[in-house]
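This one's a predicted model, so the numbers in the text were calculated from it and none came from an experiment. So that the names make sense, note that chain A is the first sequence line, chain B the second, and so on, each numbered from 1.
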2 protein chains.
Amino acid sequence: MPPVSSLNDHTGYWLRMVSNAVSQEFARKVANHDVTVAEWVFLRALYDRNVMPPSVLAETMGMTRGAISKLADRLLAKGLVERTANGEDRRAHSLSLTEEGRGKVPVLASLADQNDVEYFGVLTTEEHEALNRILKALAERQGLKAAPVD
Amino acid sequence: MPPVSSLNDHTGYWLRMVSNAVSQEFARKVANHDVTVAEWVFLRALYDRNVMPPSVLAETMGMTRGAISKLADRLLAKGLVERTANGEDRRAHSLSLTEEGRGKVPVLASLADQNDVEYFGVLTTEEHEALNRILKALAERQGLKAAPVD
DNA sequence: TTGAAATGGTTTCCTAGTCAACAACATTTG
DNA sequence: CAAATGTTGTTGACTAGGAAACCATTTCAA
């Protein structure tokens, strides 16, 4: 690709292009339920381990503690999450889903399923498997662990 | 993936995870040259067609005209871009690269090349080609045209 | 056992976008 | 040709996040 490569000469370009489209459409879908993508990830994380300190959420979501603090505020205001004091350490507290928050998760999960089908359903089974395999290998190779949010 | 799918059950999840890692690393590389990713895309677009109205840039970059207006301000302030009035239509103007801006493009392009090698070099040739092919097919199928920036 | 360092969270300031209102100019239409 | 409508670009209000300063508390070490 001499001498000055084009934008679209790079795999990263196409990756980002497709990824953005998929994510933006998903964002649109969850927005209909008054939730952002970051909020979805947050809620989904809490769904499994019903109680988590914000620091762990920050770790698993790959966001700063400051961002989690504000995100938690917003979810609190929406009544989807609640804070409870931690008896042992008076600096710390825990976050958990409210009933309403818990009820929303399956709905949002099905939107995620739908979105994936919508975008990747056009691939043949072989293609889809190859894509998954390659992406997971890349993620593994790079030691990625945090759930992507942005 | 019944009853409530996990985050990582979706191809979109892995796509975003890898895409974010690649882009963030590229952002770090260009930041060493005092440029953001959006600025790089902007400069690279101008490099080919040396003169463009902001409206066309907005179109090709998939950003609002407001965003382009501010982006142009920043590049102007950095001395990488210049505005010139359009004789025919007094509302409009054109953007073009300064000498300095033009000089930066090849440097930034080589960073993009480097970044791609760094992330996708671990793939076999077959894998890399399959990935490119699938991504381009998806982009095509979805009618995507704007250069991804965010 | 008390002063220093570490830790959990929050807050402030900054950045880079969107969206919607706007000003200036151009174009169309009656 | 005047008025309505459309178009170009800018601006202001707002959003979500990062970085770093900060506060309160806990832990560690002399």
Check: [X] side chain, [Y] main-chain N or O, donor-acceptor pair, under 3.5 Å:
{"X": "A:Lys78", "Y": "A:Asp34", "value": "yes"}
{"X": "B:Arg141", "Y": "A:Leu123", "value": "no"}
{"X": "A:Trp40", "Y": "A:Leu108", "value": "no"}

Is the phosphate of [N] approached by [X] (side-chain N or O, under 4.0 Å from OP1 or OP2)?
{"X": "A:Arg65", "N": "D:dC23", "value": "no"}
{"X": "A:Ser55", "N": "C:dG9", "value": "yes"}
{"X": "A:Arg90", "N": "C:dT7", "value": "no"}

Distance in angstrom units between [X] [atom1] and [N] [atom2], rounded:
{"X": "B:Glu88", "N": "C:dT27", "atom1": "CD", "atom2": "C1'", "value": "15 Å"}
{"X": "B:Glu59", "N": "D:dT8", "atom1": "CD", "atom2": "C1'", "value": "14 Å"}
{"X": "A:Asp89", "N": "D:dC23", "atom1": "CG", "atom2": "C1'", "value": "14 Å"}
{"X": "B:Phe42", "N": "C:dA16", "atom1": "CZ", "atom2": "P", "value": "14 Å"}
{"X": "B:Ile68", "N": "C:dA16", "atom1": "CD1", "atom2": "C1'", "value": "12 Å"}
{"X": "A:His93", "N": "D:dC23", "atom1": "NE2", "atom2": "C1'", "value": "14 Å"}
{"X": "B:Met61", "N": "D:dG9", "atom1": "CE", "atom2": "P", "value": "15 Å"}
{"X": "B:Asn20", "N": "D:dG18", "atom1": "CG", "atom2": "P", "value": "11 Å"}

What salt bridge (charged side-chain N to carboxylate O under 4.0 Å, His left out) pairs are there with at least one residue in residues 49-73 of chain A, not counting sequence neighbours?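 As it turns out, the salt bridge (charged side-chain N to carboxylate O under 4.0 Å, His left out) pairs with a partner in residues 49-73 of chain A, which skip direct neighbours, are A:Asp73-A:Arg83.
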
Can you tell which of A:Asp113, A:Asp116, A:Asn115, A:Asn132 makes a side-chain hydrogen bond (donor to acceptor under 3.5 Å, both in side chains) with B:His10?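 Of A:Asp113, A:Asp116, A:Asn115, A:Asn132, side-chain hydrogen bond (donor to acceptor under 3.5 Å, both in side chains) with B:His10 is met by A:Asp113 alone.
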
Nucleic acid footprint by protein, nucleotides 12-17 of chain D - heavy-atom cut-off 4.0 Å, B for base, S for sugar-phosphate alone: BB--SS

Kindly compute the distance separating CG (B:Leu46) from CE (B:Met52), expressed to the nearest 0.5 Å.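 Result: 6.5 Å between the selected atoms.
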
Side chain to side chain donor-acceptor pair (under 3.5 Å) involving B:His128 - partner list, sequence neighbours excluded: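 With sequence neighbours excluded, B:His128 shows a side chain to side chain donor-acceptor pair (under 3.5 Å) to A:Thr11, given in chain and number order.
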
Under-3.5 Å donor-acceptor pair between A:Arg91 side chain and C:dT7 base: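 Donor-acceptor pair under 3.5 Å: yes.
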
